[in-house]
Amino acid sequence: MAANVAPRQPMPVLDLPSRRSSFGEIAQGFTPEQAVAEARRCILCKTPQCSLKGCPLHNLIPAWIKLIQEEKFAEAAALTRTTSSMPEICSRVCPQERLCEGSCALGIKHEAIAIGALERFVNDWAHEHGEIPLQAAPATGRTVAVIGSGPAGMAAAEQFRWWGHDVVVYDALEEPGGLLASGLPGFKLPLEVVRNRWKLLTDAGVRFEGGWRIGERMTVDDLFTGLFDAVFVAIGAWSPVVPNLPGRDLPGVVQALDFLRGGPDGLRVAGQEVVVLGGGDTAMDSARTAIRRGATRARIAYRRDESNMPGSRKEVKMAKEEGVEFEFLVSPLAFLAGADGRVRAIRVQRMALGEPDAEGRRRPTPVAGSETEVPAHTAVMAFGYRPDASWVGRELGVDLNADGNILVNAETGATSRPGVFAAGDCTLGADLVCRAVLTGRKAAAGIHQWLLHGDWAALAPLVPAATGAVS
Ligand SMILES: Cc1cc2nc3c(=O)[nH]c(=O)nc-3n(C[C@H](O)[C@H](O)[C@H](O)COP(=O)(O)OP(=O)(O)OC[C@H]3O[C@@H](n4cnc5c(N)ncnc54)[C@H](O)[C@@H]3O)c2cc1C
């Protein structure tokens with residue numbers, strides 16, 4: 001391994017006052033000079049763990065980093081797009097420190113290569129210097145309905161056009177992109193980046209039908225009645241986990257996605273103390289959104305300690321820089337009302353960490369006699385999300401696991417109902433964008449096989465998808 005390694009190139013970021021008051025993207029992106037300098041730090045491992053072990057999509061990382069070293073940016077961008085359906089998005093939102101960069105060999109003794117920043121650089125460069133269009137093969141005459149326009153649906157739609165199948169993507173929302181457009185805040189992922197990706201898809205012939213909640217205006221049976229040869233379900237996990245806490249219906253107690261979905265014009269919290277309950281990316285995004293909407297204080301109350309938090313480390317660091325405070329080892333007991341009937345505080349209990357659970361994270365246990373109150377004008381519940389099991393069970397007629405996730409063959413996305421495939425959060429539980437893309441691509445390949453050969457038995461044995469559940 002190289003003895004003298006140059007320091008990692010720092011990502012230019014928006015200044016702190018702008019970060020605290022606007023939803024502008026924080027990371028500004030590398031300059032070409034920075035990208036080449038950073039790429040030249042890479043030792044181009046022959047057995048690259050970043051790609052083989054760290055990246056769920058097995059992106060060809062050293063191969064495109066070598067192209068950046070040679071200043072072949074367009075070629076590098078084209079290569080990133082062979083394994084990923086949205087590299088400009090994954091590069092912005094993946095928790096790289098736990099994925100590719102966490103497996104970087106250089107990172108054992110030095111700072112890991114800034115793989116995410118390089119992936120973003122070449123794709124932004126390609127967008128600015130004449131976008132690379134998506135390829136569509138000659139029409140096969142086969143048609144697929146995609147339910148849900150998030151990353152799993154988008155990844156599959158891209159693949160269907162690549163093979164020449166017609167595809168219509170239905171979404172309950174008018175804006176395509178799933179959580180990318182209607183959940184993740186703009187300071188992490190600008191809406192424009194999602195819209196650019198959607199333009200590539202529609203330019204390649206993907207049809208989008210917004211405002212269509214399948215199950216209401218049209219059923220899955222309708223989709224099969226002469227319209228489509230296969231149905232791909234990518235409806236995500238949008239049902240909030242709501243613990244049975246007294247006072248949870250008080251005014252001022254809100255669900256994280258409701259809080260986030262308003263964007264800059266959402267629920268006003270100017271001058272308020274906001275407390276967010278939870279420890280994942282959704283909690284972090286909510287607290288940082290509260291700061292940007294003018295909260296005087298934004299606190300995250302989490303039942304484990306910092307080292308056992310599931311969210312991305314870089315997001316935690318940035319949240320702290322922006323003024324988000326953390327209360328570790330506290331668990332909510334009840335929401336308390338003020339004289340005006342709104343929430344005024346959350347009664348919490350201190351926790352201690354016990355033995356590790358099945359995922360290896362230490363289990364929090366209550367400390368007797370440790371109850372206290374945390375003042376809150378607004379309390380945001382970010383306890384996690386699950387697929388809408390009632391809809392999938394009733395409407396789709398597919399088998400679910402105990403958590404309400406759709407059971408699929410993990411390699412083909414086939415469900416228990418012939419012709420119906422599924423991927424993304426509705427099969428994994430709330431997870432990560434890169435795994436929604438991966439499972440979307442695998443299911444698309446499964447559907448392609450089904451359309452070609454019609455051999456359901458070969459695709460169908462149900463194997464529960466591995467749950468990553470780290471977001
Ligand atoms: C606040 C927040 C922050 C996150 N931050 C990160 C991050 O930084 N990095 C990361 O990797 N992951 C992050 N995630 C997780 C990531 O967004 C999800 O894992 C990913 O979006 C899942 O993709 P999907 O395609 O399965 O579903 P979704 O993106 O949820 O899309 C599902 C779509 O299906 C539509 N739909 C549902 N039911 C129907 C129906 N009956 N008919 C028609 N349409 C329907 C919905 O309207 C939605 O548009 C975050 C999640 C949240 C909530």
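Remember, it's 1-based here, ligands and their atoms both numbered in the order they're listed.
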Point to revise | Output field: ring centroids W456/F421 closer than 6.0 Å | key: yes

Point to revise | Test item, G215 contacting ligand 1 (heavy atom, 4.0 angstrom) | key: no

Review point. Should the ring pair F160 and H165 be called parallel, tilted or perpendicular, given that the plane angle runs from 0 to 90° and is split at 30 and 60?
Key: tilted

Point to revise | Per atom 46 (C) of ligand 1, closest listed option by heavy atom (L260, D171, L184, L428) | key: D171

Study note, to complete from the structure: Quick note on ligand 1: atoms under 4.0 Å from a heavy atom of G148 include exactly 33 (C), 34 (O), 35 (C)

**Study point:** Salt bridge flag under 4.0 Å for residues R386 and D431
**Key:** no

Practice item. Out of T219, L179, V169, I147, indicate the one that has the non-hydrogen atom closest to atom 28 (P) of ligand 1. Key: L179

Point to revise | Separation of Q135 CD from W163 CH2 (nearest 0.5 Å) | key: 14.5 Å

Check your understanding: Could R299 and F326 be counted as a cation-pi pair, given that NZ or CZ must be under 6.0 Å from the ring centre and within 45° of the axis?
Key -> no

Review point. So is G183 polar-close to ligand 1, meaning N/O to N/O under 3.5 Å?
Key: no

Check your understanding: For ligand 1, is any non-hydrogen atom under 4.0 Å from W212's backbone (N, CA, C, O), its side chain (CB onward), both, or neither?
Key -> backbone

Study note, to complete from the structure: Numbered in order shown, the ligand 1 atoms found under 4.0 Å of a heavy atom of A436 are 22 (C), 23 (O)

Study note, to complete from the structure: Under 4.0 Å between heavy atoms, the region of V93 that gets near ligand 1 turns out to be both

Exercise for review: List the atom of A77, the atom of A126, and the distance in Å for their closest heavy-atom pair.
Suggested key: CB-CB, 3.7 Å

Revision key, fill the gap. Here the atoms of ligand 1 under 4.0 Å from any heavy atom belonging to G424 are 26 (O)

Point to revise | Student check: side-chain heavy atoms of Q34 and E38 closer than 4.5 Å | key: no

Check your understanding: Does F23 have R288 sitting over its ring (NZ/CZ under 6.0 Å from centre, angle to axis within 45°)?
Key -> no

Practice item. May I ask which of L180, T282, V146, V233 has a heavy atom nearer to atom 53 (C) of ligand 1 than the others do? Key: T282

Practice item. Specify side chain, backbone, both or neither for K188, according to which of its non-hydrogen atoms lie closer than 4.0 Å to ligand 1. Key: side chain

**Study point:** Distance (rounded to the nearest 0.5 Å) between E192 CD and E25 CD
**Key:** 9.0 Å

Review point. So is Y385 in contact with ligand 1, going by heavy-atom distances below 4.0 Å?
Key: no

Practice item. Would you mind running through ligand 1 and noting each atom that sits below 4.0 Å from a heavy atom of D285? Key: 1 (C), 2 (C), 3 (C)

Check your understanding: So does R81 pair up with E131, basic N to acidic O under 4.0 Å?
Key -> yes

Study note, to complete from the structure: Logged contact type for L432 with ligand 1, heavy-atom cut-off 4.0 Å, is both

Check your understanding: What are the atoms of ligand 1, with element, lying closer than 4.0 Å to any heavy atom of L173?
Key -> 47 (O)

Exercise for review: Before accepting this row, confirm whether a basic side-chain N of the pair D166/R142 lies closer than 4.0 Å to the acidic partner's carboxylate O.
Suggested key: no

Check your understanding: Can you check whether V433 has an N/O within less than 3.5 Å of an N/O in ligand 1?
Key -> yes

Exercise for review: Mark up the atoms of ligand 1 that fall under 4.0 Å of a heavy atom belonging to G236, in ascending order.
Suggested key: 26 (O), 27 (O), 30 (O), 32 (C)

Practice item. Please identify which atoms of ligand 1 are closer than 4.0 Å to at least one heavy atom of D281. Key: 5 (N), 6 (C), 7 (C), 8 (O)

Point to revise | A234 neighbourhood, listing ligand 1 atoms whose heavy-atom distance to it stays under 4.0 Å | key: 32 (C), 33 (C), 34 (O)

**Study point:** Spacing of CG belonging to N409 relative to OG1 belonging to T427, to within rounding of 0.5 Å
**Key:** 11.0 Å

Practice item. Check each of P151, G178, S182, A152 against atom 21 (O) of ligand 1 and report the one with the nearest heavy atom. Key: P151

